[in-house]
Amino acid sequence: MRVQLDGYEIACTDAGRGLPLLFVHGFPLSRRVWAHQVAAFAPAHRVLAPDLRGLGESPLGTGEISIAAYADDLAALVRRLDTGPVVLAGHSMGGYVALAFTRAHPELLRGLVLVATRAVPDSPEAAAGRRATAAEVERDGMRGLAARMASQLLAPEPDEPGLRAEIAALIAASAPAGVVAALHAMAARPDATPLLPTLRVPTLVITGDADSLIPPAESERMAAAIPGAELVTIPGAGHLVAHERPAAFNRALAGWLSRAGLA
Ligand code: MLT
């Protein structure tokens with residue numbers, strides 16, 4: 001479905017009924033990476049999975065793009081769909097957005113799931129690398145980035161044949177202008193570390209032990225800093241843990257939802 005917000009439009013999957021789970025994809029992906037979670041959780045939850053502005057099927061529009069602006073988009077979506085407070089699951093860049101949402105819209109949050117992400121901002125070198133990638137995408141389009149990232153997002157030997165090609169095609173289909181905007185947004189994001197000890201919602205941190213993009217140690221540090229957070233490390237999973245190892249990921253999420261009284 002497409003949801004009209006104030007002057008822009010968000011493409012969003014909205015399936016099932018029950019306590020709402022909102023899944024936010026990472027870079028440079030789309031809501032399609034949550035297909036296994038939509039199928040598994042819609043029987044017991046209202047499952048929302050939007051495309052962030054400029055990515056997937058959501059147009060870039062003309063407004064400012066930042067991690068905080070993506071978070072404000074999600075708050076506007078939650079309000080427009082009148083779901084009440086959500087359990088928010090963010091993967092990687094989606095986790096940066098989830099932390100910004102937590103800071104700006106705590107009244108809309110019932111639980112937080114941080115997937116293969118981190119609270120620390122980019123180093124100056126990492127931010128410069130993003131700007132160089134943005135210049136490359138502006139010049140050459142998505143092809144080079146799609147080939148590189150499809151490998152980086154997955155564990156060295158993903159079990160499912162064709163997964164790497166599927167992810168490369170998904171990335172290659174991304175709109176270059178949206179990808180460039182996301183790169184600049186990530187490069188400029190603030191440090192979310194001071195927020196972690198102040199969190200008062202049930203929190204689950206999930207990582208894959210073969211994540212080469214955001215090392216599992218980042219997840220361990222975040223989980224240790226968030227009061228009461230649980231940490232799950234999924235063996236054999238790379239950065240795209242929920243899509244790569246859906247059965248193990250969904251088991252971990254369902255178990256935590258039930259223990260946290262959010263099932
Ligand atoms: C992502 O998966 O969203 C990105 O790899 C995150 C990042 O580049 O920091």
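This is a predicted model, so every value here is computed, not measured. Just follow the structure's listing: the first ligand is 1, and inside any ligand the first atom is 1.
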If the cut-off is 4.0 Å to any non-hydrogen atom of [X], which atoms of ligand 1 fall inside it?
| X | answer |
| --- | --- |
| G26 | 3 (O) |
| Y96 | 6 (C), 7 (C), 9 (O) |
| L213 | 5 (O) |

Taking the side chain as everything from C-beta on, heavy atoms only, tell me whether E244 gets closer than 4.5 Å to F249. no
Does any N or O in the side chain of [X] come within less than 3.5 Å of the main-chain N or O of [Y], such that one atom is a donor and the other an acceptor?
| X | Y | result |
| --- | --- | --- |
| S212 | A210 | no |
| Q37 | A242 | yes |
| R245 | G238 | no |

Taking the six-membered ring for Trp and the single ring otherwise, decide whether the centroids of H91 and H243 are under 6.0 Å apart. no
Option with minimal heavy-atom separation from atom 8 (O) of ligand 1, where the choices are M93, R189, R130, M186: R130
If we only consider heavy atoms of R118, is any one of them less than 4.0 Å away from an atom in ligand 1? yes
With the threshold set at under 4.0 angstrom, would you say H25 reaches ligand 1 through any of its heavy atoms? no
Using distance alone, determine whether M149 and ligand 1 share an N or O pair under 3.5 Å. no
Atom CZ of residue position R103 - does it have more than 12 heavy atoms of other residues, nucleotides or ligands inside 6.0 Å? yes
Quick one: look up the protein heavy atom nearest atom 1 (C) of ligand 1 and list residue, atom name and how far away it is. S92 OG, 2.7 Å
